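Structure first, then comments.
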Amino acid sequence: MTDDHGSAAAAAPKPGEGGPTDFIRAIVDEDLAAGKHHGRVATRFPPEPNGYLHIGHAKSICLNFGVAEERGGTCNLRFDDTNPTKEDVEYVDAIKEDVAWLGFAWNAELYASDYFERLYQFAVGLIKQGHAYVDSLSADKIRQYRGTLTEPGRNSPYRDRPIEENLDLFTRMRAGEFPDGAHVLRAKIDMASPNLNMRDPTLYRIRHASHHRTGGAWCIYPMYDFAHPLSDAIERITHSICTLEFEDHRPLYDWLVDRLIEGDKPRQYEFARLNLNYTVMSKRKLLQLVEQRYVAGWDDPRMPTLAGLRRRGYTAESIRDFCNRIGVAKKENVIDVAQLEHSVREDLNKRAPRVMTVLRPIKVVLTNYPEGQVEHVDVINNPEDPSAGTRQVPFSRVLYIEREDFMENPPKKFYRLSPGGEVRLRCAYFITCREVVKDERGEIVELRCTYDSATRGGDAPDGRRVKATLHWVSAAHAVPVEVRLYDRLFSVEEPENVPVGKTFLDNLNPRSLEVLRGSRAEPSVADSSVGARVQFERLGYFCMDPDSRAGALVFNRTVSLRDTWAKIAQRG
């Protein structure tokens with residue numbers, strides 16, 4: 001695959017050059033020093049194409065591709081597509097887009113389904129070795145025989161079928177003679193093992209379903225725990241890096257590889273997966289949110305999917321930075337979502353152009369400003385970066401300011417605009433509120449103000465000061481925009497921790513989306529393209545949504561300007 005998205009490899013540090021360090025990288029370096037795997041490093045990112053990738057997958061992507069790139073190795077993108085009833089080409093395409101968007105280029109695009117014939121022959125080999133048998137118990141009976149964490153399992157009455165009978169039944173299973181659930185192929189290991197995964201796990205099941213790549217060629221499909229280690233071995237993977245929930249599966253991984261693979265063998269290493277507060281990461285639950293329309297699809301900006309984060313305005317660089325900051329650990333923990341927000345703020349602060357936008361406009365009429373006059377004021381693009389220069393913004397008699405920047409009866413220490421009060425309009429003039437105009441319902445519709453022509457772009461000649469600077473737009477020149485204010489999808493830190501009778505859906509945040517259709521932005525936004533990221537001054541970072549059309553622009557709030565994580569880190 002060619003990398004058209006800007007590979008992270010070019011900037012990836014080499015071992016010993018200040019790059020990331022963690023126990024996984026230490027293991028890889030020790031193996032290299034010892035000459036294991038003939039000095040090779042080969043990793044893979046192996047998603048199941050049964051949903052969209054989320055921020056947790058980003059950690060695994062950065063680790064697998066990063067280790068390979070930093071150490072001159074290879075990393076495959078392999079789809080573990082062994083369950084045709086839940087997989088779809090849509091998910092395959094989305095996963096490829098996400099990995100490339102993050103800035104990584106895979107050495108090979110592979111599929112477990114590429115190996116279906118070889119996996120079948122591996123299973124035949126186990127039967128011939130006496131290490132596998134066809135079980136005709138029902139699924140419920142198999143569960144009953146399996147035992148519990150405190151009680152050993154019991155041998156199936158079919159466990160001692162002769163090898164010839166097992167081969168015959170397995171051949172007929174492949175030929176489609178039996179309905180779903182009639183038989184399964186199980187490994188013959190130890191029904192008394194304290195590890196439930198080793199109690200004669202199922203290796204193959206009958207499933208009369210069309211596969212997205214092989215169509216109707218197969219009616220038996222390998223289980224993930226069977227296909228995964230053997231696919232690693234076929235691809236000559238050296239380090240099979242996965243999350244901690246697979247730790248108890250490692251003995252089965254090794255059992256299969258040791259019995260079926262000669263020579264160089266892959267080894268599995270586990271790290272703690274990414275857990276974020278206020279976030280659900282279960283694919284099953286994310287699918288439920290999509291199918292039951294609690295969100296507007298997998299790329300809804302409230303979703304933790306990479307597609308959702310991208311649409312919300314997150315950059316690939318910010319996500320890679322976040323994954324680098326949180327590191328790779330052996331113990332499960334929960335990361336504050338504020339740390340993810342901190343990474344995107346830092347990145348967008350450097351790259352996002354500034355735009356003045358009024359979300360909830362209130363009209364301001366400068367009664368002493370000449371009617372019909374328009375001037376252009378120089379607005380500093382980035383107060384923190386003088387090299388960013390300035391832009392010209394039209395200024396006229398009728399303006400809009402933010403409704404919350406005015407109070408008719410202000411409390412103490414309210415320094416923004418109020419009757420008789422004076423403020424500065426950013427890079428323009430001082431104005432003073434002289435009159436408040438209301439409609440018949442008593443709603444404020446207009447503020448009548450005067451401006452001081454001697455204060456353009458600076459302080460008053462007489463030395464008087466103001467304590468507030470407001471952003472604004474010219475009413476005649478402003479571009480109407482729809483603004484979608486996204487907040488966290490869940491209102492509690494642990495949305496999956498629910499009492500009996502409740503579900504995670506009961507913790508949805510009813511204020512996770514507010515749509516403002518009357519907002520106004522300075523004219524420069526009209527030149528933005530879909531995906532463009534900007535800072536709405538004083539308000540936050542925003543991204544132009546794909547729903548945008550000419551004359552009907554839509555912006556999603558990526559994150560507000562307030563950075564709670566930076567304050568937490570400083571208190572540290």
Side-chain angles (χ1 to χ4, degrees), residues 313 352-383 389-406 416-417 423-431 433 436-437 439 443-451 456-457 468-485 514-530 532-545 547-558 560-561:
R354 273 52 173 175
V355 172
M356 289 197 292
T357 304
V358 177
L359 299 186
R360 300 172 179 87
I362 184 170
K363 184 187 290 186
V364 172
V365 178
L366 303 179
T367 57
N368 63 332
Y369 192 89
E371 288 196 40
Q373 178 173 306
V374 177
E375 59 183 297
H376 288 79
V377 298
D378 291 322
V379 179
I380 300 170
N381 284 328
N382 187 348
T390 62
R391 65 188 185 278
Q392 289 200 321
V393 179
F395 185 92
S396 62
R397 175 185 172 90
V398 182
L399 310 169
Y400 290 123
I401 65 169
E402 201 69 56
R403 186 167 291 272
E404 68 175 22
D405 282 341
F406 175 81
R416 287 169 278 177
L417 195 59
V423 297
R424 182 202 304 272
L425 295 181
R426 174 155 155 71
C427 296
Y429 300 98
F430 286 17
I431 65 169
C433 181
V436 178
V437 180
D439 61 16
E443 300 289 334
I444 298 174
V445 295
E446 183 179 298
L447 305 177
R448 293 182 178 169
C449 303
T450 56
Y451 86 111
R456 173 169 170 160
T469 298
L470 310 184
H471 65 280
W472 52 273
V473 294
S474 167
H477 304 88
V479 175
V481 294
E482 177 182 310
V483 176
R484 298 171 182 174
L485 300 177
E514 180 182 4
V515 180
L516 305 177
R517 294 189 170 87
S519 303
R520 296 291 186 272
E522 67 174 71
S524 64
V525 301
D527 298 326
S528 302
S529 58
V530 169
R533 301 170 180 91
V534 297
Q535 184 196 103
F536 288 173
E537 295 191 20
R538 298 178 62 219
L539 301 173
Y541 295 99
F542 292 76
C543 177
M544 185 183 282
D545 190 81
D547 288 345
S548 296
R549 301 291 181 270
L553 305 183
V554 179
F555 283 86
N556 301 324
R557 182 171 65 187
T558 306
S560 63
L561 290 181

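Treat the numbers as computed from the prediction; the structure is a model and nothing was measured.
For the pair V358 and Y400, the tightest heavy-atom approach, listed with the atom from each and the gap, is CG2-O, 3.6 Å. For the residue pair L553 and A526, the shortest heavy atom distance occurs at CD1-CA, 4.1 Å. Across P394 and P523, no two heavy atoms sit closer than the pair CG-CG, 3.8 Å. Listed here is the closest heavy atom pair of A478 and R520: CB-CB, 3.8 Å. Nearest heavy-atom pair across G313 and R533 is O-NE, 2.7 Å. Nearest heavy-atom pair across V374 and S396 is CG2-CB, 4.4 Å.
Applying the salt bridge (charged side-chain N to carboxylate O under 4.0 Å, His left out) rule to E482 yields the partners R484, R517; only residues at least two apart in sequence or on another chain are considered. Scored by the salt bridge (charged side-chain N to carboxylate O under 4.0 Å, His left out) test, D527 finds no partners at all (sequence neighbours excluded). Under the side-chain contact (heavy atoms from CB on, under 4.5 Å) criterion, V437 pairs with E435, V445, E446, R448, not counting sequence neighbours.
T367 places a side-chain N or O within 3.5 Å of a backbone atom of C449 that can act as its donor or acceptor partner. Remark: side-chain polar atoms of N381 are not paired, donor with acceptor, to backbone N or O of R354 under 3.5 angstrom. Although no hydrogens or angles enter the test, the distance criterion places no donor-acceptor pair under 3.5 Å between the side chain of E371 and the main chain of R397.
Summarising the geometry, atom OH belonging to Y369 is positioned 14.0 Å from atom OG1 belonging to T450; distances are rounded to the nearest 0.5 Å. Going from atom CG of L539 over to atom CD of E404 covers 7.5 Å, rounded to the nearest 0.5 Å. Rounded to the nearest 0.5 angstrom, I401 CD1 and I431 CD1 are separated by 6.0 Å. Taking CD1 from I380 and OG1 from T390, the interatomic distance works out to 8.0 Å, rounded to the nearest 0.5 Å. F406 CZ to I362 CD1: the interatomic distance, rounded to the nearest 0.5 Å, is 6.0 Å. Rounding to the nearest 0.5 angstrom, the gap separating the OG1 atom in T558 from the CD atom in Q535 is 11.0 Å.
With respect to the salt-bridge test (charged N to carboxylate O, under 4.0 angstrom), the residues R416 and E402 do not qualify. Contact check on E537 versus R391 returns a salt bridge, with a Lys/Arg side-chain nitrogen under 4.0 Å from an Asp/Glu carboxylate oxygen.
Below 30°, between 30° and 60°, or above 60°: for F536 and F542 the angle between ring planes is below 30°, a parallel geometry.
Checked options R538, R426, E522; the residue passing with H471 is R538 (criterion: side-chain hydrogen bond (donor to acceptor under 3.5 Å, both in side chains)). When each of D405, L425, L447 is paired with L417, the side chain to side chain contact (heavy atoms under 4.5 Å, CB included) condition holds for L447 and for no other.
Within the 4.5 Å cutoff, side-chain heavy atoms of F555 are placed close to those of V534.
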Review point. Please walk me through it: do Q392 and D378 pass side-chain contact (heavy atoms from CB on, under 4.5 Å)?
Key: CA-CA 5 Å; Q392 289 200 321; D378 291 322; 3.2 Å; yes
Review point. How far apart are the C-alpha atoms of L366 and F395, what are their side-chain angles, what is the distance that settles it, and do they pass the side-chain contact (heavy atoms from CB on, under 4.5 Å) test?
Key: CA-CA 11 Å; L366 303 179; F395 185 92; 3.6 Å; yes
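In the displayed structure, Q373 atom CD is contacted under 6.0 Å by more than 12 heavy atoms of other residues, nucleotides or ligands.
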